[in-house]
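What follows is a set of notes on a single structure, which appears directly below.
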Amino acid sequence: MSDLRSVEPAEALLEGLNGPQREAVTWGEGPLLVLAGAGSGKTRVLTHRIAHLIYTRRARPGEILAITFTNKAAGEMRERVERLLGHSTRSMWLSTFHSACARILRSEADRLGYTRAFTIYDQADSRRLAKRSAEAVGVDMTRYKPAAIQARISDAKNRLLDVDAYRREAQDPFDEMMADVYASYQRQIHAMNAMDFDDLLLRTVELLERYDDVRARYQASFRYVLVDEYQDTNRAQYRLLQLLVGDGSDGPRNITVVGDDAQSIYGFRGADVRNILDFERDFPEAHVVKLEQNYRSTETILAVANAVIANNRGAIAKELWSDLGTGEQVQLRELDDEHAEARMIVGEIRRLLDEGAAAADVSVLYRTNAMSRAIEDQLVRGDIAYQVIGGTKFYERAEIKDAIAYLTFLVNGADVVAFSRIINSPRRGIGQTSLARITAQAQTLGTDVWDVAADAASVPGLAAAATKALTRFMETMAELRELAREGLGVAELLQAVLERSGLIAALEDERTIEAEGRIENLEQLVAVAHEFDDEHGEEASLELFLQELALVADADTRRSDSGLVTLMTLHNAKGLEFPVVFIAGLEDGMFPHSRSIDEGALEEERRLFYVGVTRAMRTLYLTHARRRAVFGSPSVAMRSRFVDEVPAHLLDVPARRSSPTSWSSGAGDGAQASAAAYRLGEDVLHAAFGEGVVTALEPGGVIVVRFAGDGSERKLMADYAPLSRP
DNA sequence: ATCCTGATTTTTTTT
DNA sequence: AAATCAGGAT
């Protein structure tokens, strides 16, 4: 390659890109569809295209709106663009759909009857509200689950149906009832100056549809719109893009979308593959670029991916190829149960680490969050550091939600959900009954709960003790609100909230290990607030802090620079790559999941498997168990049909000796005494099986050894087996 | 109002 | 297996 200094800087942005990538980066005005197979360098294309647009002065940073799937991806993209350009991109809009919408809504809130301090409800908040709405309408809650009710509402919103449209579409009495629930839900959430995740999109669409001046302003401001992971956009996001890009009557529609129909895995939340399939119909003047060269995986891994995805119908023709060589065969392992599976995985990880692999190079993927536990247990035993992405998130912990609810109530006195959460936490002697009286009064008067609660004496029927407690509580809240008005930093304010609310004191009084952990979590939240203050300086406001917090995805908290093995669901693995990947739990019913074994959904499961396989760069393990505990009770499982779709010659399946099954698994702590000779993770040499590593110690002097030769795992009597140290 | 206990449910996947 | 919930006792 030529010396960078001797070429035109714009040329330098194309350095090292292949033909189609260059074409996508340099393409001029008008719609552009980039069909980017897994590992084909689409992030590179996006960042270089943005840098190129700015460098060639076709766009100023402020004229670019780039949508990514996670905040973390947005941050990384900003960093890369800045590195390419050598200057700041602060004025560029680079965020997720939801964050961009929240930002727009914050500045236009009054048009929709909101204030800029509106609360963003997460799933749990929204579910609680759905339940309340259903009860208010008189739905028999023993027959319907709140989650199902909420899913209905969310589904309607994702299809851009407002309450009236939903009612018009109603087919049966159940739908009619749901329409009432939906109406009640929307009435309440609006009255509380709150929005759920779906509202962020829906309300922005409403805003742009209803106000020509607002639409014109944003259309003019975002001259170039770029969207990553376009295959996972839903109806609302699609409509939003149309509104932002315009109809093309006053200039070219500069929209770039990047995606891969084979990786569409969010149908369950309303994503519609047709958005990408029909792009050329929606934008007839579109230019299309296909990226088919994969720079990530070995040919064997790609052959597996291609073979499996070929079983899906109606995909855009596309064949991934790579010149990285054949590489290793894909390792297929069948184990007795989920514990043996976990031992096998951790045993292999230990071996890889001993051979010099970095922990950060290894990832274990699974279908459902619940599957992480067995693997975590073994990692802990094996003393291997790891991180879990997803599952119970930091921001969903009770104490964190409490602290956030305090802050929320300070800025949004109409937020009944926040008020309900904090009014008796810590305990103040204000229970269900008193709470119901207060909220009912607020609803009757149509005023903020804050105002009702601040005048405790005015609440009808409130007991004397409750009135007193409420008065004290609201005095504290008023003090805190005053502190907020004085322009205290978010971190300092949070600290004041934790102290004056009695939240910390109550935890300290518990004097348990658990409570100590909770206090630590709260301290961590204060640290997050400090970071926010430092980052935003003068701009830092409590409103902004809360709205950013609500949109943090767990994927955003992933650490890449550390010596940690990463565990996560296949969904969370989207967009990532690892030299070594394990896909666990490949059993019919687990993956594909039993609830999606019908036509359309099965294809989505297959795409999810495709996503998993294509995360692997060098080494891929597929594992499944003959027995697996579901809801605590064991059940037999068949190997996943997806495994059967993999051509046999690509797989390495070690011949399996029948292993002794009479010994129960689940080593206790007492195991060390009899198997003291061997320690967890220790290398051993077996006369017949060769080198291996101890992956578990079990009672009765039994050790479990994973052999390097054939990858098999065997239970041995430590005292009798022909074992020695290498 | 709060605490305890037994019953029921949870696990699809997420912004 | 763990978490949440409803009902009843205090």
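Below, chains carry the letters A, B, ... as their sequence lines are ordered, and counting in each starts from 1.
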Handout entry: Whole-Å gap separating P (B/dT15) and CG (A/Asp122)
Key = 11 Å
Practice task
To the nearest Å, give me how far apart CD1 (A/Ile430) and C1' (B/dT2) are.
Solution key: 14 Å
Practice task
Determine the contact category for A/Asn369: base if any of its heavy atoms lies under 4.0 Å from a base atom, sugar-phosphate if only primed atoms, P, OP1 or OP2 are that close, otherwise nothing.
Solution key: sugar-phosphate
Practice task
Among B/dT2, C/dA1, B/dT14, find the nucleotide with the atom closest to the side chain of A/Asn424.
Solution key: B/dT2
Problem - Whole angstrom value for the distance that separates P of B/dT15 from CG of A/Asp272 - result: 20 Å
Exercise for the section: Looking at every strand, decide which applies to A/Ser434 at a 4.0 Å heavy-atom threshold: base, sugar-phosphate, or nothing. Expected result: sugar-phosphate
Exercise for the section: Decide, yes or no, whether a salt bridge links A/Glu229 with A/Lys42 under the criterion of side-chain N to carboxylate O below 4.0 Å. Expected result: yes
Completion exercise
Atom CG of A/Asp232 and atom P of B/dT13 are separated, to the nearest Å, by 16 Å
Problem - Backbone of A/Arg427 reached by a side-chain donor or acceptor of A/Asn424 within 3.5 Å - result: no
Handout entry: Note: A/Glu587-A/Arg626 ion pair, threshold 4.0 Å (strictly below)
Key = no
Exercise for the section: Please state the P separation for the pair B/dT13 and C/dT4 - nearest whole angstrom. Expected result: 15 Å
Exercise for the section: Please report, rounded to the nearest Å, how far the P atom of B/dT8 is from the NZ atom of A/Lys145. Expected result: 15 Å
Exercise for the section: Answer yes or no: does a side-chain N or O of A/Asn572 lie under 4.0 Å from OP1 or OP2 of B/dT14? Expected result: yes
Completion exercise
Rounded to whole Å, CZ of A/Arg127 lies from C1' of B/dT10 at a distance of 11 Å
Fill in the blank from the handout: note: A/Asp228, atom CG; B/dT15, atom P; distance rounded to Å ~ 15 Å
Problem - SB check A/Lys401 A/Glu396 (cutoff 4.0 Å) - result: no
Practice task
Could you pick out which residue, A/Thr433 or A/Val630, lies toward the 5' side of DNA chain B when each is mapped onto its nearest nucleotide?
Solution key: A/Thr433
Exercise for the section: State whether A/Arg427 places a side-chain N or O below 4.0 Å from either non-bridging phosphate oxygen (OP1 or OP2) of B/dC3. Expected result: yes
Practice task
Using heavy atoms to find the nearest nucleotide of DNA chain B for A/His571 and A/Gln432 separately, return the residue whose nucleotide is more 5′.
Solution key: A/Gln432
Practice task
Using a heavy-atom cut-off of under 4.0 Å over every strand shown, decide if A/Asp198 touches base, sugar-phosphate, or nothing.
Solution key: nothing
Practice task
Specify the separation, in whole Å, of atom CG of A/Leu608 and atom C1' of B/dT11.
Solution key: 15 Å
Problem - Lys/Arg-Asp/Glu bridge criterion (N-O < 4.0 Å) met for A/Asp644, A/Arg639 - result: yes
Handout entry: Pi stacking test for A/Phe97 and B/dT15: under 5.5 Å apart, planes under 30°
Key = no
Practice task
When you get a sec, tell me which of B/dT15, C/dA6, C/dA2 is the closest nucleotide to the side chain of A/Lys131?
Solution key: C/dA6
Practice task
Give one of base, sugar-phosphate or nothing for A/Ser99, where a contact means two heavy atoms less than 4.0 Å apart.
Solution key: nothing
Practice task
May I ask you to check whether A/Glu645 and A/Asn311 show a side-chain donor-acceptor distance below 3.5 Å?
Solution key: yes
Practice task
Looking at every strand, decide which applies to A/Tyr266 at a 4.0 Å heavy-atom threshold: base, sugar-phosphate, or nothing.
Solution key: sugar-phosphate
